[in-house]
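Data block below; observations after.
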Amino acid sequence: MTENKEVRTRFAPSPTGFLHIGGARTALFNWLFTRHNCGKFILRIEDTDQMRSTDESTQAILDAMTWLGLNWDEGPFFQAKRVDIHRAMVEKLVAEGKAYYCTCTPDELEEKRKRALAENRKPKYDGTCRDRGLLRSPNSVVRFRCPDTGVTVVDDLVKGKISFNNEELDDLIIERGDDYPTYNFAVVVDDALMGITHVIRGDDHVNNTPRQILLYNALGYEIPVFGHVPMILGSDKTRLSKRHGATSVMAYKDMGYLPEALVNYLVRLGWAYGDQEIFSTDELINLFSLEAVGKSAAVFNPDKLLWLNQHYIKEYDHAKLVDNIRPFLIDRGIDASDAVFLSNVVNDLKSRSKTLVEMADGAGFYFEDELDYDKDGAEKFLKPEFAGHLKNVVEKLPDLTNYTKQGIEEFLKTMAEESNTKLKFIAQPLRIALTGKTVSPGIDEVMVTLGKEKVMKRIERAMQYIGSH
RNA sequence: GGUCCCAUCGUCUAGUGGUUAGGACGCUGGCCUCUCACGCCGGAAACCGGGGUUCAAGUCCCCGUGGGACUACCA
């Protein structure tokens, strides 16, 4: 609203599980909006549900944010540590007559709810305790006195103006029987006190917003700008959940995704800049705006994410890619300590790997001299009729001085010509001999990376195999 | 049930009254080729329905229909 006030946003997850895809996108939109406006991004952990909140979840969320590169400027703050503040605000509202104690029991309320539903009436609080002037008592709750006339308008940055008749809103509980504040009250107090200027969150919160605006007014706080971003759906168009596949951000890390790929994918779910598909982080910060975020929910498409990941693997900074693949190799018991060798391996593999897992799986043969030959491949190509070609290679290879991709390609092509055969009849047996598989990077690349010595040894071993089968 | 939101290829989307409705993923035909990829060239594929407004509607309005969210002493 105020033009030159510093933008302050927050991401406020509840630590009841891992950071999921939907939460990550909300965090991302907050982060991009904030960085674009040179504001401050605040992380607040909403842990007032003591039963379900865990420290592990908090840590997992922090780790996932960090992995994605969504750094925060303040926090993490913990909502549970602020209950004294919340209680003071509750008292203030009670003192001002804007809130009141209520002794209706959950059972009574449930009963009334059911009856209202059965009689086709709205199941809203009937105001039993509204004007009884009750005092605090064990298990009493505090309710906010909602105006029952008038209209509350939410001027949403992505959805536009949304208006609600206040009569639809009932007297919500702001402090529970255990003296803890409820969500709708705590967010308002915290957002206001933390100076949040823009509340960007999932659109599952739109119906909470008018109540919150009323609370802002009652507390005398300035109302922030709201932006409700659409949800992410699964392939069956229901809310994204485990049955649609992995929903935890860190699960994607483990599956060999690069954070940039996930960020690029997530941002394009609901946001677009013309026809552009690939965005660097800097571009996103420059180009992102909430006004350009679509209003409708989007289906999560794993195939497109995979494509993006492949793209990022191909284009990634080479040294960074090497660093990223290392843990996956170590997991497989591979000694990846030879930096030059590993770098070449990655180079061979990066145009043919959709994930780091795929790359690590494809890298095995480079590190293993005693190969298990692929059964079908061996049957087809490790046969006496090809032994001559292998022998030819072993004999002539020592004299090849230009041991490079080009040199080897030339070497093999010349050999094919001289032997009056097709290159594939030399390349395929060679491939099995060197990689154990029928599918691998280009044979010339493999030979360069492996080095002449290993190549010689592996071919000799393959020839022995042919001799003994 | 009530309140609120949403609606362009299967999916993500561009489009802001006049377009052969564009791009991307996926699918598919071809080229390249030592295998698999990469890359390149081509193809099929969409404006939910009905009424308006207008010379003209994917675009604006209304009504349907379909989806979703919320409707807790969870967040």
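Just so it is clear, the values below take in all heavy atoms, side chains as well, and ignore hydrogens, waters and symmetry mates. Throughout, a chain's letter reflects where its sequence line sits, starting with A, and its residues are numbered from 1.
- Rounded to a whole Å, the CG atom of Asn207(A) is 11 Å from the C1' atom of G68(B).
- At a cut-off of 3.5 angstrom, the base of G23(B) holds at least one donor-acceptor pair with the side chain of Glu277(A).
- C70(B) and A14(B) have their C1' atoms separated by 31 Å, given to the nearest Å.
- Of the candidate nucleotides A37(B), U71(B), C25(B), A37(B) has the atom lying nearest to any side-chain atom of Ser351(A).
- Between His311(A) and Tyr316(A), the ring center distance fails the sub-6.0 Å criterion.
- G43(B) and G2(B) have their C1' atoms separated by 49 Å, given to the nearest Å.
- Contact between the side-chain N/O atoms of Arg115(A) and the OP1/OP2 oxygens of G1(B) is not found at any separation under 4.0 Å.
- Here Ser235(A) lies out of heavy-atom contact (under 4.0 Å) with every strand.
- Residue Lys237(A) places at least one side-chain N or O closer than 4.0 Å to OP1 or OP2 of U11(B).
- A ring pair (Phe, Tyr, Trp, His ring centres under 6.0 Å) with Phe288(A) is found for one member of Phe279(A), Trp271(A), Tyr273(A) and no other, namely Trp271(A).
- Across all strands shown, Val141(A) has heavy atoms under 4.0 Å from base atoms, whether or not it also approaches the sugar-phosphate.
- Residue contacts for Lys350(A): at a heavy-atom cut-off of 4.0 Å it reaches no nucleic acid atom on any strand shown.
- The side chain of Arg431(A) contributes no N or O atom lying less than 4.0 Å from OP1 or OP2 of C36(B).
- Judged by atom type and distance alone, Arg352(A) reaches the base of C36(B) through a side-chain donor-acceptor pair under 3.5 Å.
- Salt bridge Arg10(A)/Asp190(A): absent, no basic N to carboxylate O contact under 4.0 Å.
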